[in-house]
Amino acid sequence: MATMTEWLRDPSPSSRLQARLGQSYLAWLRMRRNPLAMVGLFIILLLLAMAAFAPWLATHDPLTQNLGQRLLPPGTPGHWLGTDDFGRDIWSRIVYGSRITLYIVTLVAVTAPLLGLMIGTVAGYFGGWVDQVLMRITDIFLAFPRLILALALVAVLGPGIENAVLAIALTAWPPYARVARAETLTVRTSDYIAAVRLQGAGSGRIIWGHVMPMCLPSVIIRVTLDMAGVILIAAGLGFLGLGVQPPTPEWGLMISSGRKFLFEQWWVATMPGLAIFIVSLGFNLLGDGLRDVLDPRSSGK
Amino acid sequence: MTVVPDTPAPPFRLPRPIRLIGGTALSLAITILGLLLVTFIIGRVVPIDPVLAIIGERATTEQYEATRIALGLDEPMWKQFAIYVGDAVQGDLGQSLRTRREVSEDIIRYFPATLELATIATLFGVLVGVPAGVLAATRPGTWVDQIVRIVGLMGYSMPVFWLGLLALLIFYGILGWVGGPGRLDAGFSMMFELDVPQRTGMILIDTALAGEWAMFRNALSHIVLPSAVLGYTSMAYISRMTRSFMMNELGQEYITTARVKGMPEWRVVWVHALKNVMVPLITVIALSYAYLLEGSVLTETIFAWPGLGSYITDALFAADMPAVLGGTVVVGVVFVTLNMASDLLYRLVDPRAR
């Protein structure tokens with residue numbers, strides 16, 4: 001172990017991999033000092049574990065109805081978070097719901113930044129009218145309040161998990177394009193880009209292989225910070241009945257089904273909301289910490 | 001005699017404020033045009049046939065064709081878009097399939113309720129958020145700072161519809177401190193519709209103007225909860241931004257000078273520093289006001305608040321696309337305008353932002 005840290009801390013790394021891992025190790029050390037960020041990381045690891053081990057963690061099948069056991073309060077033996085109006089175990093539904101949340105978050109986290117990166121780097125690299133047109137489009141999408149645009153898109157596409165993801169991704173890309181463009185403008189005139197160009201590389205190759213990697217760190221921070229928002233919008237769509245369809249155990253949908261008997265059986269709506277809250281808090285804490293660590297401009301404030 | 005060469009006349013330039021306003025107006029117009037293009041495209045790919053939606057399934061082919069031509073659907077796409085933009089500019093957003101009224105008429109009817117809610121929510125956000133941010137900035141790293149930060153992060157992380165349900169459960173269901181969903185108790189609703197002249201559509205103002213104080217108090221007890229729920233998110237945003245602006249300001253030299261001269265600390269912070277933070281803060285407040293329009297969609301659903309958000313979601317479930325898209329356009333336009341107006345204000349007022 002000691003040799004491992006020594007290898008990571010080596011001031012003159014012998015390979016690119018060692019240098020990269022060494023950098024990440026230093027960032028990790030800095031982040032470890034930030035207790036809130038560690039709490040966030042812990043929550044997200046918990047979410048991942050929950051999704052991975054759902055069949056073992058759940059005490060019941062999330063879909064099987066048992067009308068004899070409907071609306072049992074929390075603390076009932078065998079149903080420690082209670083049951084919903086169809087007698088389904090709320091804990092088991094929350095556990096399986098983590099998979100849905102993770103599915104949506106992952107898909108958005110892959111598609112939206114990729115789209116934003118492509119638009120932003122192309123705009124920044126070529127400049128001129130390409131930049132003008134692409135950034136104007138970005139501004140227009142940025143001008144829509146996200147939830148409202150997502151609502152209108154889902155209204156057209158029809159409800160469902162894939163369409164919800166598509167709608168969220170289509171509303172989430174503009175900030176990434178902005179970030180990527182700003183980064184591209186700073187590296188565009190670098191010597192190493194000129195060197196690659198003189199070696200005969202085409203624009204596509206320069207953007208994909210040499211500009212985009214430089215934009216990744218700032219985009220990744222943005223993604224982490226945005227994930228909480230994505231979870232909230234996805235839950236909002238589910239709550240309005242426009243996302244995942246019943247009987248799938250999606251957290252937002254579970255809240256809306258518990259709304260009917262909020263005053264009598266409060267736990268049906270409260271428990272899944274708590275899950276959404278904790279997970280998005282986790283992403284916010286981690287994103288905040290990551291920004292402090294990886295972005296030297298904001299550190300010290 | 002030497003001829004003094006004329007100094008070349010400087011090229012004619014409009015004064016800066018006019019250039020700024022002109023530039024902003026131009027980019028506002030372009031953005032709104034783009035906004036309309038997006039809603040136009042969404043409206044055209046929608047699988048619902050607008051002709052059938054109006055005339056019904058049992059119409060004859062002739063009727064169908066006549067309506068199709070009347071709606072201008074036989075024209076080429078670019079011309080349809082031109083007509084759409086022309087209509088929208090004149091305030092014609094089409095007819096709602098659900099209420100059978102003009103969408104713009106509906107929106108005028110529903111918008112004041114949202115405006116009232118968002119205004120009170122912003123007021124709440126400012127009155128709590130600004131002092132909290134200032135307190136945190138003057139005591140960085142202390143428990144006050146940590147609490148403000150955590151309360152703020154919680155505001156970012158809570159689903160607003162869940163918070164609304166919880167608030168309703170606790171303050172209305174259990175404690176009974178406030179009014180429930182809706183703008184008034186059932187008993188007052190009828191009276192409001194019949195007896196109170198609706199000058200502004202904003203219930204607090206209308207009842208106050210009519211001198212109906214019992215009704216005013218009832219309306220107040222109904223608006224407290226949704227506006228606090230809605231305002232929580234903007235409070236989180238405002239306190240965070242206030243903190244970072246103040247931190248920046250308190251590091252300036254003039255602050256040190258004021259302190260060295262023996263000015264009391266409260267005066268340094270609340271008068272000198274806060275005054276300079278005011279301008280960027282106003283842009284932040286305008287932005288958060290715009291974001292409230294978005295939050296209002298879910299909040300209004302929870303609290304049965306008859307505003308624009310409820311209008312859009314109700315229209316959504318009735319597959320009433322003209323109403324959905326009309327509402328989207330209006331929200332988008334208000335959002336963009338607030339955004340650009342705050343940016344313009346900032347650049348006009350603050351000489352440093354040149």
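When reading the values below, keep in mind they use all heavy atoms of this one structure, side chains included, and skip hydrogens, waters and symmetry mates. Remember, predicted model here, so these are calculated numbers, not experimental data. Naming convention: chains lettered A, B, ... in sequence-line order (proteins, then strands); numbering from 1 in each chain.
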Would you be so kind as to tabulate the donor-acceptor pairs closer than 3.5 Å made by side chains of residues 222-239 of chain A, with sequence neighbours excluded?
{"from": "A:T224", "atom 1": "OG1", "to": "A:I220", "atom 2": "O", "distance (Å)": "2.8"}
{"from": "A:D226", "atom 1": "OD2", "to": "A:Y176", "atom 2": "OH", "distance (Å)": "3.1"}

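Here A:I148 contributes atom CD1 and B:I312 contributes atom CD1; the two are 4.5 Å apart, rounded to the nearest 0.5 Å. The CZ atom of B:R149 sits 5.5 Å away from atom CG of A:L36, with the distance rounded to the nearest 0.5 Å. For the atom pair B:T31 OG1 and A:F141 CZ, the distance stands at 13.0 Å (nearest 0.5 Å). To the nearest 0.5 Å, atom CG of residue A:N284 and atom CG of residue B:L153 are 5.5 Å apart.
Proximity to chain B (any heavy atom under 4.5 Å) is restricted, for A:L242, to the side chain, taken from C-beta onward. Interface residue B:F161: only side-chain heavy atoms are found under 4.5 Å from chain A. Residue contact with chain A, scored on non-hydrogen atoms closer than 4.5 Å, involves the side chain of B:T313 exclusively. Using a 4.5 Å cut-off between heavy atoms, A:R136 contacts chain B through its side chain alone, with no backbone atom that close. Contact of B:M340 with chain A is not made at all, since no heavy-atom distance falls under 4.5 Å.
The two atoms that bring B:I30 and A:I140 nearest to each other are O-CD1, 4.5 Å, heavy atoms only. Pairing each heavy atom of B:W162 with each of A:I255, the nearest pair is CD1-CD1, 4.0 Å.
The stretch residues 264-276 of chain A places A:W266, A:A269, A:T270, A:G273, A:L274, A:I276 near chain B, each with some heavy atom under 4.5 Å from a heavy atom of that chain. Residue-level contacts of residues 232-241 of chain B with chain A, in order of numbering, are B:R240; threshold 4.5 Å between heavy atoms.
In terms of heavy-atom pairs under 4.5 angstrom with chain A, the leader among B:V333, B:I174, B:I302, B:L166 is B:I302. Counting heavy-atom pairs under 4.5 Å between each of B:L33, B:L35, B:V324 and chain A puts B:L35 at the top. The residue among B:V38, B:I32, B:N339 with the most heavy atom pairs within less than 4.5 Å of chain A is B:V38. Across A:I137, A:L151, A:D139, the residue that shares the most heavy-atom pairs under 4.5 angstrom with chain B is A:L151.
Annotation for B:Y291: atom OH does not count as buried by contact number, only 12 or fewer foreign heavy atoms lying within 6.0 Å. The neighbour count for A:Q132 CD, taken as heavy atoms of other residues, nucleotides or ligands under 6.0 Å away, does not exceed 12. Within a 6.0 Å radius of CZ in B:F317, more than 12 heavy atoms belonging to other residues, nucleotides or ligands are found.
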Self-check item: Candidate pair B:L298 and A:L147, rule side chain to side chain contact (heavy atoms under 4.5 Å, CB included), full reasoning
Solution: CA-CA 9 Å; B:L298 290 165; A:L147 182 66; 3.8 Å; yes
Practice problem: Could you walk me through whether A:L149 and B:I42 pass the side chain to side chain contact (heavy atoms under 4.5 Å, CB included) test, one step at a time? | Solution: CA-CA 10 Å; A:L149 182 58; B:I42 293 178; 4.1 Å; yes
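For A:D131, the side chain to side chain donor-acceptor pair (under 3.5 Å) partners two or more places apart in sequence, or in a different chain, are A:R181.
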